[in-house]
Structure formats: C-alpha cells, structure tokens
J.: 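I have a structure here, written as structure tokens, and I will follow up with some questions on it.
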2 protein chains.
Amino acid sequence: MSQTVQRAILIIESLAARPRTLGEVADILGVHRSTALRLLQTLEASGFARRLGDGRHAVGTRLIAIAQQTLETLDLRPLASPHLRALHGRHGHTIHLAQLIGDEVIYVDKLESTEGVRMYSRIGRPASLHASGVGKAILSCLPAGRLDELLSGVELTAHTANTLSTRQALDAELATIRERGWAVDDGEFEDFTNCVAAPVRNSTGDIVAALSITSLRVIAPLTELVDLVPDLLATARAISRELG
Amino acid sequence: MSQTVQRAILIIESLAARPRTLGEVADILGVHRSTALRLLQTLEASGFARRLGDGRHAVGTRLIAIAQQTLETLDLRPLASPHLRALHGRHGHTIHLAQLIGDEVIYVDKLESTEGVRMYSRIGRPASLHASGVGKAILSCLPAGRLDELLSGVELTAHTANTLSTRQALDAELATIRERGWAVDDGEFEDFTNCVAAPVRNSTGDIVAALSITSLRVIAPLTELVDLVPDLLATARAISRELG
DNA sequence: ACATGCCATTGCAATATGCGCAACACATGC
DNA sequence: GCATGTGTTGCGCATATTGCAATGGCATGT
C-alpha cells in the first residue's frame, strides 16, 4: 500500500467537503506543509484539484469529468433512459434507476417528479441496502452467500420507526419480495417518502439494477403507488430484454 | 511533483475509458506489474478503483460519489434548480446551467427536453467556450485580461460551417452579446442544434454561470427560441438575485 | 513607513518508501 | 503433465519523498 497515494486520496476526500487552505490539508494529513503542497501541486497539474482565487484548494473538474465518463460506461443508463422517461411521463412521480456496482447499490439515473419536491437520492451516491426500495429489490435477488457478504458490511440503522433494523425482519421482507417480485419503501428511510421498486436482471438472469417510483406520502400514498406496480414491472422487463 | 501520485492518477484516467487488466495498467504506466498492483491495491482500498469479477480493474464508486458531492458544493445548483425546472415546465426544451469553474465552463445541471432527443452536453464536462451559447455568454462578461487568458488556451475549432473560428469573428460576436445581453448558438457546435443563453452574475456583478434553452433546429428553429429570451433573462436575473 | 506574523514555496540532505526482481501460486490450453 | 501467462508477495536497495530551514510575499497593527 502506497502511503503517498493514500495521502493524495485523503486530500481529495477532504476537499470534497469544502475548499481548504494548505495548512488545513497539512493538518488533516499530519504532514509538513511542504509535503502537502507538493501533493496538491501534483493533483492540480492533473486536474484532480484546483486552486481558488483566494488561495484555497478545491476538487478539480477533471475528477468530475472522469466520474461522469465512468457513469456513462456503466451499461444501463443510455439503454434504460427512454424507458425511464416513458414511465415518468405516464405517472409524473420521481423515477430512480440504481445499479449494483461491486458491493453497493448506486443511483445512476433519476427523473425528478413534476411535483417540485427534491428527493434525498443523489446520482453517484449509494442507496441504503436495507432501507430503500431499490436496495431491497436487489438484495432479494442475490444468492444467499452474496447476500450475507453484502449485509456483513452494513449496519441496519433505524432511520424511522418503519425501518427494518434486524436481520430477521429484513430476511422476512426479502422473502416476501421474492414471492411477489417487487419491493416497497414504506417510509423506511424518511417518514414522508414511499416507493415501489422492481429488480432488473441481465440476460443470464443475474440481478444488475432496480427501478423505482417514489413519491411523498402526502402526494401519493403507498396504496396508490402499488397500483403502478404492473407498469413498473413491465418497464423493468423491457429494460431486461434490451440488455440482451 | 510526485511521480507516485501521477501514476495513480494515470491509472484512474485509463480505467475511466474502460476496465483494464493488471498487465494493461502496467504497460500504460511503463512500470513493473507488481508496482501497478500495489498502486491499484491502494486505490481499491479507498474506493477510487474496484476489482471486477473477471479480475479487471475499473473506476470505483467513491470517486463518483466525491464528484457528485463536489458538484453539489458548487453554489448554484440547489438554488438554481427550481428556476430551471420552472423554465423547463413552461417551454419543454432542454435547459442547461453551466458554471465558470477555474478556466472552464462546466455543465452543472441539465433538464432534458420532453422531445426525447439526447443532447451532446454532459454534466461534469466542459462546454465549448467559443462554440456554445453558455460559453459565449460567459466570455462576453469577462474583463478583457481574463478573456485573453482563457482564450489563449483554446483552439477555435470549426465544428460546423457556422462556428466562429477566428478571434476577430468571436470578438465581434461577444460585442453583440454584451450589447443585447444574451447569446445564441446558431448551429455552431452541431449543425442541427441551436440555443439561446443568458449570463448569470453574482452579487458583486461577477459572471459565474450561464443558462440556456436548447433545441433541435427541426423542432424549434432559432427564431422561435429567440422569442423565449425575455423569459430566459428573467430566470437568469431571478437566480442572480438569490445568489445574494 | 515600518515591524511583525503568517502563509506559501523552494533547495537540500537524510531516510523511509516505493520499486523491480525473483519466486511462487493458480488458471488455462495443449 | 507440461508450458505459458497472469496475479501476487517478500525482500533488498536505490531513489523519490520528506521535513527543515530559509526565503519571499502579503496582511495587519502601530
């Protein structure tokens, strides 16, 4: 393991929160200011960091571009996008596409509702595995060993009174999801938000993603979203078919 | 300049294109396989890279999350988003917000048109300074010294017959934009795409961003988009006011 | 105008680290 | 069973990285 690279990464992590002075960066790394400066100079030469007018250092645009390029190389978004837009057009609620990438479920696309309210989900960020519809939809389709592996690194945090915060409760829910083929978020991450979600498989039947229709409870309660499940499942199947 | 950090960055750059084997990474860096492996191990421990099931290496989700987090810390998006949605709701065309970040104009938000056609612009990626509406809107508001500085690093590539590919032609256009307060893209980057764009200033009057309404020529020719300029300018002003 | 303190930066020598090499383990193809 | 290629690790060494001291610039206070 390279400590020089670790330091560079720690610099980037610390800049992501907010721009920082050279002294702050040196303090965070526990190194001399000249060491921090040289690492920053290297990051800035490559575009991974940049220097603001007031002397502070910030994350650079090249890192942002690389992240976007990477998101674009994940298979699903271009292919899924027309389906998501069509689903969004028919219902107006927020639509999410989340993809299983390594050990995380990452939101890779999102169509905001016409309701004008911003959801917590952010493209590029992981979805909660145990407290989101897309997370549970994906978990329900994993082989037992892989499911154990993923959950071993997850703390079943109780975000609301509805959150399934024991492994037993989660397993029971996953069994229900397997049986009926779709998942729900019944105010499990945020009290006032609910959704229905469906898994998306590839041509070999492996789970790769999930799709969800999300709304504020005051706008569309869960019972209303459940009525949309047939359309959601049809959309998920259409995406699966196009995966080839 | 740290060669170890440079190597790590080169690894990330090469993975952004497509996942690669250890041997490929070592070849690209010109180092021994064990060197490449240790650098990859460090990147993977931090989430900047990840190991695929078939042994190849890819960009990691932590880098994607940091990029998204960085985008979110740029002032404008959360504040501008409701204005962009409202503008989009009224007209249905593609709306872009691009921000001046360092020496680049970066697309930071984008609402796709209801027309179902995907534009070339990508969030996180730079806009052409000389061949895009947002680029020219921003250039037109810069002090002369800063304008020269930015353009010195730009090749005025002729993308279409309409591209302004000489400094004289560009300066004349920027003078026109300054006079009337808004810019156009008249098929300058792509033949079949046009837009109108307006600059967004902060409370000290400095240019920070630009906003555009973009459409395919066959759907809405430039003359039709020009009719929307009053609404575009009003939206840009509303965003400026909220900047404080 | 001057003194002071703080921050950013660089040259240099010491050393801690990153590096390549050799060897090993494993998978694959013949 | 053998050859080949790839991924991986231990180890010794050369060098790249590091901290220190010095320098310069800038802001602040008197």
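Quick note: numbers below take in every heavy atom, side chains included, and nothing from hydrogens, waters or symmetry partners. A note on names: the letters A, B, ... follow the listed sequences, proteins ahead of strands, and every chain is numbered from 1.
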J.: May I have the distance from B/Gln6 (atom CD) to D/dA16 (atom P), rounded to whole angstrom?
T.: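 Distance, rounded to whole Å: 12 Å.
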J.: If you find the nucleotide of DNA chain C closest to A/Met1 and the one closest to A/Thr21, which residue's nucleotide is nearer the 5' end?
T.: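 Its nucleotide being nearer the 5' end, the pick is A/Thr21.
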J.: Distance check: side-chain N/O of A/Arg51 vs OP1/OP2 of C/dT9, anything under 4.0 Å?
T.: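 Looking at the OP1 and OP2 atoms of C/dT9, one of them is under 4.0 Å from a side-chain N or O of A/Arg51.
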J.: Rounded to the nearest Å, what distance is computed from the CG atom of residue B/Leu22 to the C1' atom of nucleotide C/dC26?
T.: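 Atom CG in B/Leu22 sits about 15 Å away from atom C1' in C/dC26.
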J.: Heavy atoms only, 4.0 Å cut-off, all strands: where does A/Ser34 land among base, sugar-phosphate and nothing?
T.: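 Base, at least one base heavy atom under 4.0 Å.
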J.: Taking only Lys NZ, Arg NE, NH1 and NH2, and the carboxylate oxygens of Asp or Glu, determine whether A/Arg167 and A/Asp148 approach each other closer than 4.0 Å.
T.: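 Here A/Arg167 pairs with A/Asp148 in a salt bridge, since their nearest N and O are under 4.0 Å apart.
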J.: Whole angstroms only, please: what is the CG-P distance between A/Leu39 and C/dG18?
T.: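 After rounding, the reported distance stands at 11 Å.
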J.: Judged by modelled atom types alone, do B/Thr214 and B/His96 share a side-chain donor-acceptor pair under 3.5 Å?
T.: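 Yes, because at least one side-chain N or O of B/Thr214 sits under 3.5 Å from a partner of the opposite role on B/His96.
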J.: Check A/Glu188 with A/Lys136, please: is the shortest side-chain N to carboxylate O separation under 4.0 Å?
T.: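 Counted as a salt bridge, because a side-chain N and a carboxylate O are separated by less than 4.0 Å.
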J.: Rounded to whole angstroms, how far apart are CZ on B/Arg56 and P on D/dT6?
T.: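 Distance check: B/Arg56 CZ to D/dT6 P gives 14 Å.
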J.: Need one value for A/Gly55: base, sugar-phosphate or nothing, where a base atom within 4.0 Å counts as base even if backbone is also close, heavy atoms only.
T.: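 Answer is nothing: A/Gly55 stays at 4.0 Å or more from every strand.
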J.: Is B/Glu44 paired with B/Arg50 through a side-chain N to carboxylate O contact shorter than 4.0 Å?
T.: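 Looking at B/Arg50 and B/Glu44, the cut-off is not met.
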J.: Quick check for you: among D/dA16, D/dC20, D/dT9, whose closest atom lies nearest to any side-chain atom of B/Gln3?
T.: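 Nucleotide nearest to B/Gln3's side chain: D/dA16.
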J.: A/Arg7 CZ to C/dT17 C1': how many Å, rounded?
T.: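 Interatomic distance, CZ of A/Arg7 to C1' of C/dT17: 10 Å.
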J.: Can you tell me how far P of C/dA27 sits from CG of B/Asp54, to the nearest Å?
T.: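 Atom CG in B/Asp54 sits about 15 Å away from atom P in C/dA27.
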J.: Looking only at side-chain atoms of A/Arg38, point me to the closest of C/dG11, D/dG7, D/dT8.
T.: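 Selected nucleotide: C/dG11.
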J.: Among the nucleotides C/dC19, C/dG18, D/dC20, which one has an atom lying closest to any side-chain atom of A/Ser2?
T.: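 Given the options C/dC19, C/dG18, D/dC20, the side chain of A/Ser2 is closest to C/dG18.
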J.: Map A/His32 and A/Thr4 onto DNA chain C by nearest heavy atom, then report which one ends up closer to the 5' terminus.
T.: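 In this pair, the answer is A/His32.
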J.: Taking all non-hydrogen atoms of both residues into account, name the closest pair between A/Leu15 and A/Ala49 and its distance.
T.: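 Smallest heavy-atom distance, with atoms named: CD1-CB, 4.1 Å.
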J.: Write down the distance between CD1 (A/Ile11) and P (D/dT17), rounded to a whole number of angstrom.
T.: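 Atom-to-atom, A/Ile11 to D/dT17, this comes out as 13 Å.
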J.: Which part of the nucleic acid, if any, lies within reach of A/Gln41 when heavy atoms closer than 4.0 Å are counted: base, sugar-phosphate only, or nothing?
T.: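 Touches sugar-phosphate only.
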J.: Output the single nucleotide from D/dT17, C/dC12, C/dA8 whose closest atom is nearest the side chain of A/Arg33.
T.: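 Between D/dT17, C/dC12, C/dA8, the one nearest the side chain of A/Arg33 would be C/dA8.
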J.: Round to a whole Å and report the spacing from CG of A/Leu37 to C1' of D/dG25.
T.: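 Taking atom C1' of D/dG25 as the reference, CG of A/Leu37 is at 15 Å.
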